[in-house]
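A short worksheet on the structure shown next.
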Amino acid sequence: MPFATAKDGTQIFYKDWGSGRPVVFSHGWPLTADAWDAQMKVMADNGFRAVAHDRRGGGRSGQPWDGNDLDTYADDLAAVIEALDLQDVILVGHSTGGGEVTRYIGRHGSGRVAKAVLVGAIPPLMLKTPENPEGLPIDVFDEIRKGVETDRSQFYKDLSGPFYGANRDGSTVTQGTRDEFWLWGMTVGIKGAYDCVKAFSETDLTEDLKKIDVPTLIVHGDDDQIVPIVASGDKSSKLVKGAVYKVYPGAPHGLAMVPKYAEVFNADLLEFARG
């Protein structure tokens, strides 16, 4: 299997499909690169090179004790981009992956980057603070940590409901989709999953967003029960200069994996990549 080597020697698995202009995908918590398979196929089928990696701590990547933070995640993304010597890249990040993309540009610049796409992304800050009253209280994230630490298998089964909006009246989300979420989550080591909660909830990415100087598409569902739109998409769209902001009515957090919304997102992604 193909791997890039991170600064600390951790092996970062990636998949590399197709040829053409590179589109590099960063996944959400607690998933793996496989969560992007449908979008990777769409892009590769349409003349793009699709690349996605498993974040350290899970999937086929190494599970080091340290480094489960946004700075290191961004450096790991850089390691993949540099190992493949990718240029003119379109970065696509969902949820925590959106934070990874944002911190990558804030930390490494946009020399290799042509465009960015943030989907249900965590920036600028998920945690509620006096300066960020729209955020979620620390108790929410403490409960997530408790779920991971005590019975993460059942926790992931339960979390798949709000993640995909399967707990809403009229939902057509299948059990298979929910089972995928559980399967991916269970490949993530408990240390990486636990530490990542602090990374995605308490990292302030405000200044990183201001450094984004490439065309950016921000997509968010207005029924996102995981990353509330008022604390994320609404704010990020004002901080990224010239960002295109698309709100999907009724869409959940995992909108790219729910057929009803995935079709719209895939079309928007392809149009933005070609534009």
Side-chain angles (χ1 to χ4, degrees), residues 4 6-10 12-14 24-33 35-36 52-59 61-82 89 91-110 112-113 116-129 131-132 135-136 138 140-142 144-145 148 188-214 216 218 220 226-228 231-233 235-236 239-240 253:
K7 285 181 177 180
D8 63 358
T10 299
I12 305 297
F13 167 84
Y14 63 87
V24 179
F25 295 88
S26 292
H27 63 79
W29 178 95
L31 309 179
T32 72
W36 282 120
H53 66 287
D54 289 345
R55 187 169 297 117
R56 65 169 52 217
S61 289
Q63 296 192 16
W65 188 253
D66 297 315
N68 299 295
D69 57 78
L70 261 297
D71 282 354
T72 308
Y73 296 160
D75 291 349
D76 291 348
L77 174 58
V80 173
I81 291 172
E82 291 163 14
V89 175
L91 293 177
V92 183
H94 171 242
S95 196
T96 299
E100 183 178 286
V101 165
T102 301
R103 179 52 55 91
Y104 171 87
I105 295 175
R107 190 169 170 86
H108 295 273
S110 58
R112 292 177 179 264
V113 181
V117 181
L118 304 179
V119 189
I122 61 170
L125 176 62
M126 284 192 70
L127 182 66
K128 182 176 183 177
T129 66
E131 296 76 26
N132 187 46
L136 296 170
I138 191 67
V140 172
F141 305 110
D142 288 341
I144 295 174
R145 276 183 279 263
V148 169
V188 180
I190 191 170
K191 180 64 160 65
Y194 186 93
D195 287 358
C196 188
V197 178
K198 181 180 179 66
F200 73 61
S201 63
E202 298 183 40
T203 305
D204 191 337
L205 294 155
T206 301
E207 295 306 313
D208 302 88
L209 287 168
K210 294 176 181 178
K211 292 178 182 178
I212 296 178
D213 57 357
V214 295
T216 301
I218 297 175
H220 219 105
I226 307 299
V227 180
S232 49
K235 289 189 172 185
S236 292
L239 291 167
V240 178
H253 187 56

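Remember, predicted model here, so these are calculated numbers, not experimental data.
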Side chains of [X] and [Y], heavy atoms from C-beta outward: is any pair under 4.5 Å?
{"X": "Ile190", "Y": "Val148", "value": "yes"}
{"X": "Glu131", "Y": "Leu125", "value": "no"}
{"X": "His108", "Y": "Leu77", "value": "no"}
{"X": "Ser61", "Y": "His53", "value": "no"}
{"X": "His253", "Y": "Val227", "value": "yes"}
{"X": "Asp208", "Y": "Leu70", "value": "no"}
{"X": "Leu91", "Y": "Ile81", "value": "yes"}

Any idea how Phe141 and Phe200 line up, ring-wise: parallel (<30°), tilted (30 to 60°), or perpendicular (>60°)?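 Because their plane-to-plane angle is over 60°, the rings of Phe141 and Phe200 count as perpendicular.
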
Which word best sums up how the rings of His94 and Trp36 line up, parallel for under 30°, tilted for 30 to 60°, or perpendicular for over 60°? perpendicular

Tell me whether [X] contacts the main-chain N or O of [Y] through its side chain, where contact means a donor paired with an acceptor under 3.5 Å.
{"X": "Thr216", "Y": "Val214", "result": "yes"}
{"X": "Arg56", "Y": "Asp66", "result": "yes"}
{"X": "Trp29", "Y": "Val197", "result": "no"}

Which heavy atom of [X] sits nearest to which heavy atom of [Y], and what is that distance?
{"X": "Gly59", "Y": "Thr32", "value": "CA-CG2, 3.9 Å"}
{"X": "Pro123", "Y": "Thr102", "value": "CG-OG1, 3.6 Å"}
{"X": "Pro228", "Y": "His220", "value": "C-NE2, 4.3 Å"}
{"X": "Lys211", "Y": "Ile105", "value": "O-CG2, 4.0 Å"}
{"X": "His27", "Y": "Ala33", "value": "CD2-N, 3.5 Å"}
{"X": "Asn68", "Y": "Lys191", "value": "ND2-O, 4.2 Å"}

Find the distance between [atom1] ([X]) and [atom2] ([Y]) and round it off to the nearest 0.5 Å.
{"X": "Gln63", "Y": "Asp54", "atom1": "CD", "atom2": "CG", "answer": "10.5 Å"}
{"X": "Asp76", "Y": "Asp71", "atom1": "CG", "atom2": "CG", "answer": "11.0 Å"}
{"X": "Ser95", "Y": "Leu31", "atom1": "OG", "atom2": "CG", "answer": "8.0 Å"}
{"X": "Asp204", "Y": "Met126", "atom1": "CG", "atom2": "CE", "answer": "13.0 Å"}
{"X": "Asp75", "Y": "Glu82", "atom1": "CG", "atom2": "CD", "answer": "9.0 Å"}
{"X": "Ile144", "Y": "Leu136", "atom1": "CD1", "atom2": "CG", "answer": "8.0 Å"}

Passing candidate, side-chain contact (heavy atoms from CB on, under 4.5 Å) with Leu239, options Ile212, Thr206, Leu205: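 Filter result, single survivor: Thr206.
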
Mind checking salt bridge (Lys or Arg N to Asp or Glu O under 4.0 Å) for Glu207 and listing every partner two or more places apart, or none if nothing turns up? Lys210

Can you check side-chain contact (heavy atoms from CB on, under 4.5 Å) on Thr72 and Thr10, steps first, answer last? CA-CA 11 Å; Thr72 308; Thr10 299; over 6 Å; no

Quick one: does NZ or CZ of Arg103 land under 6.0 Å from the six-membered ring centre of Tyr73, within 45 degrees of the ring axis?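 Negative - Arg103 is either too far from the ring of Tyr73 or too far off its axis.
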
Evaluate side-chain hydrogen bond (donor to acceptor under 3.5 Å, both in side chains) for Asn132 paired with Thr129, printing each intermediate quantity in order. CA-CA 5 Å; Asn132 187 46; Thr129 66; 5.0 Å; no

